[in-house]
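First up is the structure itself, then whatever we jot down about it.
Numbers restart at 1 for each chain; the letters A, B, ... are given by sequence-line order, proteins then strands.
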Amino acid sequence: MRDTYCGTIRKEHVDTTVTLAGWVFRRRDHGGLVFADLRDVTGIVQIVFSPEISKEAHERAGDIRSEYVLKVTGTVRRRPAETENPALPTGEVEVYVSDFEVLNTCKVLPFQLDDEDIGEATRLRYRYLDMRRPEMQKVFIERSKAYTVTRDYLLSKGFYEFETPLLTKSTPEGARDFVVPSRLNTGMFYALPQSPQLFKQLLMMSGFERYFQIARCFRDEDLRADRQPEFTQIDIEMSFVDREDVMNVNEGLIIALYEALKGRKPPEVPFPRMSFAEAMDRYGSDKPDLRFDLPIVDMTHIFQKTEFGVFKKTIEAGGAVKGLVLKGKTLSRKDLDVSVETAREIGAGGLVWIRMDADRALQSPTVKFLSDVEKSQMVTLFSMEPGDVLFIMCDKKLRVSELMGRFRLYLGEKYDLIDKSLDKFLWVIDFPLLEYSEEEKRYVARHHPFTSPKEKLAGFNGDYDAILANSYDLVFNGVELGGGSIRNHRTEDQAEMFRLLNIGEVEAADKFGFLLEALEMGAPPHGGIAFGFDRILMMFLGLGSIRDVIAFPKTQKGSCLLTGAPSRVGPRQLAELKIRTVSD
RNA sequence: GGGGUCGUAGUUAAGCCUGGUUAUAACGCCGGCCUGUCACGCCGGAGGCCGCGAGUUCAAUUCUCGUCGACCCCGCCA
């Protein structure tokens with residue numbers, strides 16, 4: 001139908017005849033001369049309808065409207081001097097139309113493709129139009145490239161690509177499952193996979209040694225700017241490896257993706273590492289953003305004998321007092337009030353601020369409750385200078401770290417401390433194996449129940465919080481890109497884990513029996529990792545939302561504005577499934 | 001489950017706090033003019049359930065409550 005793509009035409013094509021196909025992006029009708037920008041997937045070229053070339057084509061050009069689909073034949077000409085457009089790669093040339101065909105007309109669109117400020121709801125309702133925009137096309141062309149880079153890299157490292165079932169078994173741990181009724185098995189349900197976790201482990205038991213899958217995963221949890229109910233993971237599993245092996249191979253993958261998408265090398269290789277404990281202590285987060293420093297400092301020792309009620313009570317209850325100092329910014333009383341308000345919104349019980357004024361005196365509503373020793377220790381600990389503001393919170397140890405971590409991010413954003421030109425990768429390692437679930441009143445796996453501990457657990461009966469896992473997360477600019485672990489490959493180790501999780505033998509056999517059975521039949525040592533593919537794209541392309549890298553994403557309430565999913569199904573469908581809905 | 005922001009021509013916004021006019025603008029759309037534009041320009045025109053429902057009021061786009069939808073966050077997301 002065509003012989004040349006719009007965006008590829010250059011001055012080398014001058015005097016040749018080309019046949020193009022594409023959409024009318026913009027039209028500039030001067031009466032005697034009509035210009036239009038013709039757009040295809042490669043870009044834009046200006047076409048000219050002139051009566052001197054074809055009276056007939058020029059006449060018909062008056063009826064052309066935005067987004068009409070055209071097939072155009074014409075001659076490439078150098079643009080006259082002073083009319084070149086340096087903003088376009090094709091700006092030195094234009095195509096004089098000798099003949100054209102309207103392949104399709106177009107209604108007036110619900111929004112203009114060149115308008116930058118269209119509301120997201122409208123864009124999602126007409127996503128296919130939204131995706132016509134060159135900047136959106138660029139994202140999905142990059143996404144396509146990322147699939148290829150991933151496959152090329154992993155295949156070159158001896159990995160085999162697999163597909164695993166989407167209709168699978170509901171598992172008790174972890175995220176809420178999406179559930180699919182089985183017509184052939186009345187009252188039974190499949191679950192969509194939260195990840196291919198168990199299958200990839202089984203493939204290790206099959207002896208493939210290196211597995212990967214670009215896998216769709218489903219989690220029925222509430223959405224966020226970086227969370228969709230269905231998303232894509234680069235899922236990886238390897239046999240006969242330790243933690244270092246997995247991290248090394250996957251660091252290579254991430255570097256390859258970074259280079260492909262950002263066009264430069266990562267700033268720091270190998271990626272630095274930090275223990276979970278240090279991340280929590282210093283940055284109040286298991287995914288610290290290292291683009292700015294602002295460390296959190298434990299101040300509990302200063303207040304061991306304090307008369308200040310809130311600190312005193314917290315410390316007596318085994319909690320901690322933590323602070324961080326904001327330097328070199330001038331904060332007004334209003335700013336300080338706002339920060340207190342923000343701390344409350346973050347979930348803190350309160351926030352103490354202490355500002356050093358020009359004559360080195362400490363100003364704060366709290367200062368009168370503090371002793372001179374406490375004050376001077378604080379000043380020394382934080383090397384406080386005039387203008388500096390010290391922010392302090394107290395709470396249970398882990399809780400106060402988390403709160404300060406959130407507050408640190410708030411300050412970083414608000415006072416522009418984050419150097420957005422930096423990219424900071426970080427491996428976080430030595431996570432706790434378990435964490436206590438207030439909701440379930442028991443310990444649950446922090447990563448997942450198949451994660452192996454760093455030390456053998458046999459007969460363990462000590463502090464559950466102190467057990468470290470053989471796991472690792474990769475963090476980029478404060479966002480978790482992925483994580484994984486070395487798994488338990490021996491039945492007795494896995495049984496020990498279930499014991500700690502308070503999952504009985506009967507329940508374990510019911511839910512994961514097939515895996516436990518497989519472990520008994522020569523399971524090799526193995527471990528793996530999974531990366532959020534969408535998140536990697538979002539971060540490396542510098543976009544603000546995971547929806548920006550998913551072709552047809554869901555809204556925060558999980559609906560698709562384009563198709564109207566989810567929707568009711570007919571009574572016949574429900575009857576076949578023997579499902580009745582209840583309204584209450 | 002909870003907190004917050006928003007909803008006004010096709011689109012993006014202003015007006016609302018402090019109730020009363022023909023609800024304003026830009027882009028888009030329609031008609032006309034225009035041979036060097038590229039966000040073309042100039043002249044003219046059409047276009048509104050002010051998300052929906054209730055309440056307060058002589059009077060509601062404006063105030064109150066509810067509801068629906070979009071977004072951000074907490075909880076949740078092994």
* If B:rC6 has a Watson-Crick or G-U wobble mate with both distances under 3.5 Å, name it; if not, just say none. => B:rG69

* Asked: Watson-Crick or G-U wobble partner for B:rU12, using a 3.5 Å limit on both distances?
  -> B:rA25

* Between B:rU11 and B:rC42, how far is it from one C1' atom to the other, in whole Å? -> 24 Å

* Hey, does the side-chain of A:Arg344 have a donor or acceptor N/O within less than 3.5 Å of a partner on the base of B:rG3? -> no

* **Residue matched to B:rG41 through Watson-Crick or wobble contacts both under 3.5 angstrom** => B:rC33

* To do: Using whole Å, report how far CZ of A:Arg133 lies from P of B:rU12.
  => 12 Å

* Check: B:rC77 base within 3.5 Å donor-acceptor of A:Arg227 side chain -> yes

* P atoms of B:rU12 and B:rC38, separation to the nearest Å -> 26 Å

* Any N or O donor-acceptor pair linking the side chain of A:Asp222 to the base of B:rG75 at under 3.5 Å? -> yes

* Asked: Under the side-chain contact (heavy atoms from CB on, under 4.5 Å) test, which residues partner A:Lys554, sequence neighbours left out?
  -> A:Leu223, A:Gln228, A:Pro229, A:Glu230, A:Cys560

* Asked: Less than 3.5 Å between a donor and an acceptor, one on the side chain of A:Gln46 and one on the base of B:rU37, is that the case here?
  -> yes

* To do: Report which part of the nucleic acid A:Arg547 touches: base, sugar-phosphate, or nothing (heavy-atom distance under 4.0 Å, all strands).
  => sugar-phosphate

* Residues of residues 76-98 of chain A with any non-hydrogen atom less than 4.0 angstrom from an atom of RNA chain B: list those, numerically ordered, please. => A:Arg79, A:Pro80, A:Thr83, A:Glu84, A:Asn85, A:Glu94, A:Tyr96

* Gap in Å between the two P atoms, one belonging to B:rA54 and one to B:rU62, rounded -> 13 Å

* With sugar-phosphate meaning primed atoms plus P, OP1 and OP2, does A:Arg26 contact a base, only sugar-phosphate, or nothing at under 4.0 Å between heavy atoms? -> sugar-phosphate

* Structure fact -> For B:rC76, the nucleotide meeting Watson-Crick or G-U wobble distances (both under 3.5 Å) is none

* How do A:Leu109 and A:Glu402 order along RNA chain B: which one's closest nucleotide is nearer the 5' end? -> A:Leu109

* Run the side chain to side chain contact (heavy atoms under 4.5 Å, CB included) check on A:Val97 and A:Val48 step by step: do they pass? -> CA-CA 6 Å; A:Val97 179; A:Val48 188; 6.0 Å; no

* Any-strand Watson-Crick or G-U partner of B:rU64, both distances under 3.5 Å -> B:rA54

* In whole Å, what separates the C1' atom of B:rG51 from that of B:rG69? -> 8 Å

